[in-house]
Amino acid sequence: MNMINESTNQPSCYNTIGIAGDRTCPQLPNFIHCRNCPVYSNIGRQLLERIIPENYRHEWTNLFSQERAESHTLTITKTLTVVIFRLQREWLALTTQVFQETISPTLIHTLPHRSNQILRGLVNIRGELQLCISLTHLLNLETADTPVTALSPVVYPRMVVVEKAGSVWVFPVDELYGVQRFDQQDLRDTPNNMMATTHNFTKGFFYWQGNSLGYLDEELLFTTLDTKVCR
């Protein structure tokens, strides 16, 4: 005996006495599963042959149009992944693509006959000597006369190793926050009150934890280091 679903006028025996119900259908031992039963097949045929409701195609067309628009928006929204660190009072960020590693502060071997404040000397990174520079001097950052409030109660100065196209540099930072992600659309123009040197090296800035976070231009940074230090 077929049981009728009042909302669709379709038999619903498979949900009540069939495989999805209490399995008391007398035909179930013969067909093993409802999908093998002619009643079940007839239900599927009626669903495929039913009259399409009014505005059905229009509603689905609008739905797919919205999904394509949202998908396009997600595609063009770019995420920037950066490493955040502090030099003196300035919070800065560089793309993670140029970061190789961070190390504990190590001995810097000064170079004779070099008075360039940007180049501090050489450091030993696992048996390889790498050039160590002062990013603070390159960006012409002011020295903090008073202690700077740190984000963490315990701050460990670190050295970071960056590399781009085979050019490797090491520089110390006063505080290392870590990796953070931003939407590119959140990048703001660099304010005019920023020091001229720092302004030249930034692509813009983000608002981050109540601070202005300068996003450094890695292309310009490495080009300048190669020019001012290596030549």
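Heavy atoms only: backbone and side chains are in, while hydrogens, waters and symmetry mates are out.
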After noting the C-alpha distance and the side-chain angles of Thr202 and Asp217, does the key distance pass the side chain to side chain donor-acceptor pair (under 3.5 Å) rule?
CA-CA 5 Å; Thr202 56; Asp217 185 335; over 6 Å; no
Going by the angle between their ring planes, with limits at 30° and 60°, are Phe206 and Tyr215 parallel, tilted or perpendicular?
tilted
So, Ser104 and Arg158: side-chain donor and acceptor under 3.5 Å apart, yes or no?
yes
Does Asn211 reach the main-chain N or O of Gln209 with its side chain, forming a donor-acceptor pair under 3.5 Å?
yes
Rounded to the nearest 0.5 Å, how far apart are CZ of Phe85 and CG of Leu94?
5.0 Å
Measure the OG1-CD1 distance between Thr106 and Ile125 for me, rounded to the nearest 0.5 Å.
6.5 Å
Looking only at the aromatic ring of each residue, does the gap between the centers of Tyr207 and Phe182 stay below 6.0 angstrom?
no
Between CZ of Phe201 and CG of Leu138, what distance do you get to the nearest 0.5 Å?
4.5 Å
Atom CD of residue position Gln97 - does it have more than 12 heavy atoms of other residues, nucleotides or ligands inside 6.0 Å?
no
For Glu218, is there an ion pair with Lys203 - N to carboxylate O distance below 4.0 angstrom?
yes
Side-chain contact test, heavy atoms from C-beta onward, threshold under 4.5 Å: evaluate it for Val168 versus Val161 and give yes or no.
yes
Measure up the Trp91 and Tyr177 rings against each other and bin them: parallel (under 30°), tilted (30 to 60°), perpendicular (over 60°).
perpendicular
